[in-house]
Chemist: 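One structure coming up, written as structure tokens, with questions to follow.
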Amino acid sequence: MELLYGSIRDYAWGSRSAIAELQGRPVPSAGPEAELWLGAHPGGPATVERDGERVILTDLLVAEPGHWLGDQVVGRFGTRLPFLLKVLAADAPLSLQAHPDAEQARVGHAAEAGRAKGPRNYVDPYHKPELLVALTPFDALCGFRDPELSAAALAGFGVPGLAPVVAALRAGPTGLREAVRMLLSWPEADRSGLVDAVRTADVAGPDAELARELAARYPADPGVLVALLLHHVRLTPGEAIWMPAGNLHAYLQGSGVEIMAASDNVLRGGLTPKHVDVDELLRVLRFEVLDDPVLVARQVAPGVICWPVPVDDFALHRVTVDEEGPEARLPLPGPRVVLCHRGRVAADDGAGTVTLGPGQAAVGTAAGATLVVSGAGEAFVATCGL
């Protein structure tokens, strides 16, 4: 293992304290720090040290793919790291969004590759499923809830213009799609009036509170109403949500560890000034009711849990160790990224041992042996899911 130096992304919705506090830096930070990227994504690759200089991890993978990735990963994903590990810190809501499945991404990217202005929706040929584990109390919107609940919430505002949307939600299996289409296609001249009518309605309750909070930030965005069709999830630290292809979601506030397939394919659905391709979003969304958006962890060894997901791009484990207990041994395949969340842990893959404090990370190649984690603290370990 060797130290891995992440790339911080300064998106406007980011926190000025969460990542800085995790890494022991002064608070507040000079600007928003939304995400700490620990991977080889071309938009912000991490680095390692060679002869006193920082070397981009992506360059090492291309130069020695067999050593870094292993034959199995190269055979499946090529000479790229198929996952990206992040620390995400949201101080404000992110956009409503969904991601394509692998086939939709491949076809969409090929179709858009020839556009003079570049791809519009599909900037690469990969899917982008995501898993987030909360580090702090974390608010999110994730997956469609029972349309009857959404219909009742919208009807409760007493806004006559919403009557067709309420009727669609109560119409049966096809009504959910039609409700989303109507809201996102609302005439632009009438959007601010609709959102304001909802914001100022004399209604109490969690749905009304959420609508008012979102409307204050996005006063003419129909995504405020689309948000009320989704589960509002409040995670406690250690709880997780899973966002497969076609799942409409948005992070609202909080910090977490996120792992995702390394892709930039995003179809937005509101709560953003950016382009919303309604037709393509409707084609990609899965209009299915999600019974429970919270993903249950599974213990795989003493002090080690994972969150099983049905993709092979990534797997995420959390390891908790203490000085008096046994070390954790993880026979995980392929390249490995270890992020320390709290305490101090040592990560040893047979090729080298690195001691990590909070917010520090290490990377190991596929040539490494069984990963051994010891010390007193908590760490997340990202690998391929093969």
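Throughout, numbering of the chain's residues begins at 1 and tracks the sequence. This one's a predicted model, so the numbers in the text were calculated from it and none came from an experiment.
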Chemist: Applying a strict under-4.5 Å side-chain criterion to I, L, V, M, F, W and Y, I'd like to know whether L88 and I259 cluster together.
Modeler: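 In one cluster: no.
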Chemist: Would you say L84 and M260 make side-chain contact, with heavy atoms under 4.5 Å?
Modeler: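 Side chain of L84 against side chain of M260, heavy atoms only: contact under 4.5 Å found.
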Chemist: Considering only heavy atoms from C-beta outward, does the side chain of L162 approach that of L194 to under 4.5 Å?
Modeler: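 Side chain of L162 against side chain of L194, heavy atoms only: contact under 4.5 Å found.
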Chemist: Whether E2 and R50 form a salt bridge (side-chain N of Lys/Arg under 4.0 Å from carboxylate O of Asp/Glu) is what I want to check.
Modeler: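 Salt bridge between R50 and E2, a charged N being under 4.0 Å from a carboxylate O: yes.
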Chemist: Around atom CD of Q299, are there more than 12 heavy atoms from other residues, nucleotides or ligands closer than 6.0 Å?
Modeler: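 Yes, because the 6.0 Å sphere around CD of Q299 holds more than 12 heavy atoms from other groups.
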Chemist: Output every pair passing side-chain hydrogen bond (donor to acceptor under 3.5 Å, both in side chains) with a member in residues 214-230, not counting sequence neighbours, ordered by first then second residue.
Modeler: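 side-chain hydrogen bond (donor to acceptor under 3.5 Å, both in side chains) check on residues 214-230 returns no pairs.
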Chemist: Are the side chains of W13 and P32 in touch, meaning some heavy atoms are under 4.5 Å apart?
Modeler: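 Counting from C-beta outward, W13 and P32 never come under 4.5 Å.
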Chemist: Residues two or more places apart in sequence or in another chain: which of them pass side-chain hydrogen bond (donor to acceptor under 3.5 Å, both in side chains) with E327?
Modeler: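 E327 satisfies side-chain hydrogen bond (donor to acceptor under 3.5 Å, both in side chains) with R329 once adjacent residues are dropped.
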Chemist: Show me the pairs that pass side-chain hydrogen bond (donor to acceptor under 3.5 Å, both in side chains) and involve residues 369-382, at least two apart or across chains.
Modeler: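 Residue pairs passing side-chain hydrogen bond (donor to acceptor under 3.5 Å, both in side chains), neighbours aside: H341-E378.
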Chemist: Quick one, V123 and N265 - any side-chain contact, counting heavy atoms below 4.5 Å?
Modeler: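 Answer yes - side chains close enough.
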Chemist: Connecting only ILVMFWY residues whose side-chain heavy atoms lie within less than 4.5 Å of each other, what is the rest of V107's hydrophobic cluster?
Modeler: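 Reading the cluster by chain and number, V107 sits alone, since nothing else belongs.
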Chemist: Excluding sequence neighbours, so at least two apart, what forms side-chain hydrogen bond (donor to acceptor under 3.5 Å, both in side chains) with R120?
Modeler: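 Checked R120 against side-chain hydrogen bond (donor to acceptor under 3.5 Å, both in side chains); matches are H275.
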Chemist: Mind checking whether L290 and V226 sit in one hydrophobic cluster, side chains of I, L, V, M, F, W, Y counted as touching below 4.5 Å?
Modeler: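 No; V226 is not reachable from L290 via cluster members.
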Chemist: Which Ile, Leu, Val, Met, Phe, Trp or Tyr residues join Y5 in one cluster when any pair of side-chain heavy atoms under 4.5 Å counts as a link?
Modeler: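 Reading the cluster by chain and number, Y5 sits alongside M1, L3, V300, V304, V319, V321, L330, L332, V338, V345, V354, L356, L371, V373, V381.
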Chemist: Are any non-hydrogen side-chain atoms of D279 and D277 less than 4.5 angstrom apart?
Modeler: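 The answer is yes; the side chains approach within 4.5 Å.
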Chemist: Using salt bridge (Lys or Arg N to Asp or Glu O under 4.0 Å) as the criterion, list what pairs up with R145, not counting sequence neighbours.
Modeler: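 In terms of salt bridge (Lys or Arg N to Asp or Glu O under 4.0 Å), with neighbours along the sequence ignored, R145 is linked to D207.
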Chemist: Check whether any side-chain heavy atom of R9 sits under 4.5 Å from a side-chain heavy atom of I19, and report yes or no.
Modeler: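 Not in contact.
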Chemist: Could I get the full list of side-chain hydrogen bond (donor to acceptor under 3.5 Å, both in side chains) partners for E112, not counting sequence neighbours?
Modeler: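 Not a single residue meets the side-chain hydrogen bond (donor to acceptor under 3.5 Å, both in side chains) criterion with E112.
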Chemist: Which heavy atom of G156 sits nearest a heavy atom of V203, and at what distance?
Modeler: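 Reported closest heavy-atom pair: O-CG2, 3.3 Å.
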Chemist: Can you check side chain to side chain contact (heavy atoms under 4.5 Å, CB included) on W186 and V195, steps first, answer last?
Modeler: CA-CA 11 Å; W186 209 269; V195 174; over 6 Å; no
Chemist: Applying ring-ring contact (aromatic ring centres under 6.0 Å, His included), name anything that partners F144, two or more places apart in sequence or on another chain.
Modeler: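 F144 satisfies ring-ring contact (aromatic ring centres under 6.0 Å, His included) with F287 once adjacent residues are dropped.
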Chemist: Members other than I56 in its cluster, when Ile, Leu, Val, Met, Phe, Trp, Tyr link by side-chain heavy atoms under 4.5 Å?
Modeler: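 Hydrophobic cluster check, I56: no partners found.
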Chemist: For the residue pair L132 and W307, establish whether any side-chain heavy-atom pair is separated by less than 4.5 Å.
Modeler: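 L132 vs W307: side chains apart.
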Chemist: Applying ring-ring contact (aromatic ring centres under 6.0 Å, His included), name anything that partners H41, two or more places apart in sequence or on another chain.
Modeler: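 Listed in chain order: W37.
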Chemist: Could you pull out all residues at least two apart from Q23 that satisfy side-chain hydrogen bond (donor to acceptor under 3.5 Å, both in side chains)?
Modeler: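 Listed in chain order: R25.
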Chemist: Among V284, L285, L267, which one satisfies side-chain contact (heavy atoms from CB on, under 4.5 Å) with L248?
Modeler: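 Only one of V284, L285, L267 forms a side-chain contact (heavy atoms from CB on, under 4.5 Å) with L248, namely L285.
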Chemist: For F77 and L69, what are the C-alpha separation, side-chain angles and deciding distance, and is it a side chain to side chain contact (heavy atoms under 4.5 Å, CB included)?
Modeler: CA-CA 10 Å; F77 299 104; L69 300 171; over 6 Å; no
Chemist: Below 4.5 Å, heavy atoms only, C-beta onward: do L85 and L316 meet side chain to side chain?
Modeler: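 Yes; the side chains approach each other to less than 4.5 Å.
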Chemist: Keeping the roles fixed (side chain from S95, backbone from Q97), state whether a donor-acceptor pair exists under 3.5 Å.
Modeler: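 A pair under 3.5 Å: no.
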Chemist: Does Q72 CD have over 12 foreign heavy atoms under 6.0 Å away?
Modeler: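 No.
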Chemist: The test is side chain to side chain contact (heavy atoms under 4.5 Å, CB included); show your working for V133 and L235 and say whether it passes.
Modeler: CA-CA 9 Å; V133 180; L235 300 175; over 6 Å; no
Chemist: Give a yes or no on whether a salt bridge exists between E103 and R106, defined as a side-chain N under 4.0 angstrom from a carboxylate O.
Modeler: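 Yes, charged N to carboxylate O under 4.0 Å.
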Chemist: About how many Å separate CG of L94 and CD of Q253, when rounded to the nearest 0.5 Å?
Modeler: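 The distance works out to 11.5 Å.
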Chemist: Is a salt bridge present between E209 and R212, judged by a nitrogen-to-oxygen distance below 4.0 Å?
Modeler: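 No, E209 and R212 are not salt-bridged.
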Chemist: Is atom CG of D71 surrounded by more than 12 heavy atoms (other residues, nucleotides or ligands) closer than 6.0 Å?
Modeler: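 Incorrect, the count does not exceed 12.
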